[in-house]
Amino acid sequence: PFQKKGESALFIYPNDRIKEIITDEDKKKFKQERLDKKIKSKALYTASVEIPSTADGERTMISSQEFPITSDIAIYGDNVRIISLGKKLSVLIIKDKEIANTLKSIFELAWIGAQIRKKKK
């Protein structure tokens, strides 16, 4: 279950680590499921190479040295999915409106901060 119409799915992830774990085929499948539901995305990520934003999703790269991200976080609707990407993968799924809304607020705060830092550089 994704979110309300017009609301973006929010993601925070370390792209280089994700590429080691998830195949391109699986990433395309997950993206297509989101697009079929007409859900746009907004992502904060770390990577060695910048990923451009597209019509279906905005992306902002952040410094992995300043802000190490070692988990994949998705916030959509009243759901939060957190995948620990260490040596042992583990997944936590939370279905709670208050927790999801709080994390959406924290994401937006981080997004604004990332945009300000980007403009200063």
Side-chain angles (χ1 to χ4, degrees):
F2 274 95
Q3 52 260 64
K4 302 169 191 112
K5 193 170 184 157
E7 189 177 33
S8 294
L10 307 176
F11 300 103
I12 303 168
Y13 59 92
N15 191 62
D16 295 341
R17 178 71 173 126
I18 292 287
K19 286 166 51 175
E20 295 172 0
I21 298 170
I22 300 175
T23 66
D24 287 341
E25 184 178 308
D26 282 340
K27 284 196 291 190
K28 286 178 187 175
K29 182 181 86 171
F30 298 142
K31 182 177 181 177
Q32 191 58 53
E33 287 176 13
R34 182 177 54 78
L35 294 177
D36 289 345
K37 295 176 181 169
K38 298 183 179 11
I39 303 292
K40 292 189 176 192
S41 67
K42 202 168 179 181
L44 291 167
Y45 68 95
T46 59
S48 54
V49 177
E50 192 162 0
I51 305 167
S53 291
T54 60
D56 66 282
E58 295 179 80
R59 292 173 185 80
T60 295
M61 187 165 91
I62 58 177
S63 167
S64 61
Q65 286 76 33
E66 290 180 278
F67 307 103
I69 305 293
T70 57
S71 296
D72 175 35
I73 301 171
I75 309 160
Y76 48 96
D78 294 342
N79 302 288
V80 176
R81 184 205 68 227
I82 303 171
I83 303 173
S84 173
L85 301 173
K87 290 180 184 177
K88 180 182 175 189
L89 299 179
S90 59
V91 179
L92 174 64
I93 297 174
I94 302 168
K95 294 184 180 196
D96 183 278
K97 182 179 182 175
E98 302 307 323
I99 292 172
N101 285 341
T102 297
L103 289 174
K104 287 175 190 177
S105 293
I106 292 169
F107 177 94
E108 290 302 332
L109 180 63
W111 180 269
I112 291 166
Q115 299 305 313
I116 291 169
R117 287 178 73 86
K118 196 174 188 179
K119 286 180 184 174
K120 286 183 178 179
K121 290 185 178 185

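What you are looking at is a predicted structure, and each value in this text was computed from that prediction instead of being measured.
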Derivation and outcome, side chain to side chain contact (heavy atoms under 4.5 Å, CB included), residues Asp78 and Lys95:
CA-CA 6 Å; Asp78 294 342; Lys95 294 184 180 196; 6.0 Å; no
Quick one: CG on Leu92 to CD1 on Ile83, what's the gap to the nearest 0.5 Å?
10.5 Å
Heavy-atom pair of closest approach, residues Arg59 and Pro52
NH1-O, 3.3 Å
Trace of the side chain to side chain contact (heavy atoms under 4.5 Å, CB included) decision for Ile51 with Met61:
CA-CA 8 Å; Ile51 305 167; Met61 187 165 91; over 6 Å; no
Closest non-hydrogen contact found for Ala9 with Arg34 is CB-CD, 4.4 Å
Could you grab the distance from atom CD1 of Ile75 to atom NZ of Lys42, nearest 0.5 Å is fine?
11.0 Å
How far apart are the closest heavy atoms of Asp56 and Thr54, and which atoms are they?
OD1-OG1, 2.8 Å
From Thr46 atom OG1 to Asn15 atom CG, the distance as rounded to the nearest 0.5 Å
7.5 Å
Please examine the side chains of Lys37 and Tyr76, heavy atoms only from C-beta on, and report whether any two atoms are closer than 4.5 Å.
no
In terms of hydrophobic clustering (I, L, V, M, F, W, Y; side-chain heavy atoms under 4.5 Å; direct or indirect links), are Phe67 and Leu109 co-clustered?
no
Taking atom NZ as the centre, does Lys27 end up with more than 12 heavy-atom neighbours from other residues, nucleotides or ligands that are less than 6.0 angstrom away?
yes
Which residue, Ile73, Ile12, Ile112, forms the side chain to side chain contact (heavy atoms under 4.5 Å, CB included) with Phe107?
Ile12
Tell me, do Asp16 and Glu20 make a side-chain contact under 4.5 Å, heavy atoms counted?
no
Shortest non-hydrogen pair, Ala114 vs Thr60, comes out as CB-CG2, 3.7 Å
Do you know which two heavy atoms are closest between Ser84 and Ser71, and how far apart they sit?
CA-OG, 3.8 Å
Under-4.0 Å salt bridge between Glu25 and Lys28:
no
Distance from Phe11 atom CZ to Glu58 atom CD, nearest 0.5 Å?
13.0 Å
Go through it in stages, so that I can follow the logic: the residues are Tyr45 and Ile69, the test is side chain to side chain contact (heavy atoms under 4.5 Å, CB included), and I'd like the CA-CA distance, side-chain angles, deciding distance and then a yes or no.
CA-CA 8 Å; Tyr45 68 95; Ile69 305 293; over 6 Å; no
Might you point out which heavy atoms bring Leu85 and Asp72 nearest each other, and give the distance in Å?
CD1-N, 3.8 Å
Path from Phe30 to Leu89 over hydrophobic side-chain contacts below 4.5 Å:
yes
Nearest 0.5 angstrom please: Lys19 NZ to Ser48 OG, how far?
5.5 Å
Determine yes or no for a side-chain-to-main-chain donor-acceptor pair under 3.5 angstrom, with Lys104 supplying the side chain and Gly77 the backbone.
yes
Does Ile106 have any side chain to side chain contact (heavy atoms under 4.5 Å, CB included) partners at least two apart in sequence or in another chain, and if so, which?
Thr102, Leu103
With sequence neighbours excluded, tell me which residues meet side-chain hydrogen bond (donor to acceptor under 3.5 Å, both in side chains) with Ser105.
none
Would you kindly confirm whether Ile93 and Tyr13 end up in one hydrophobic cluster when ILVMFWY residues are joined by side chain heavy atoms under 4.5 Å apart?
yes
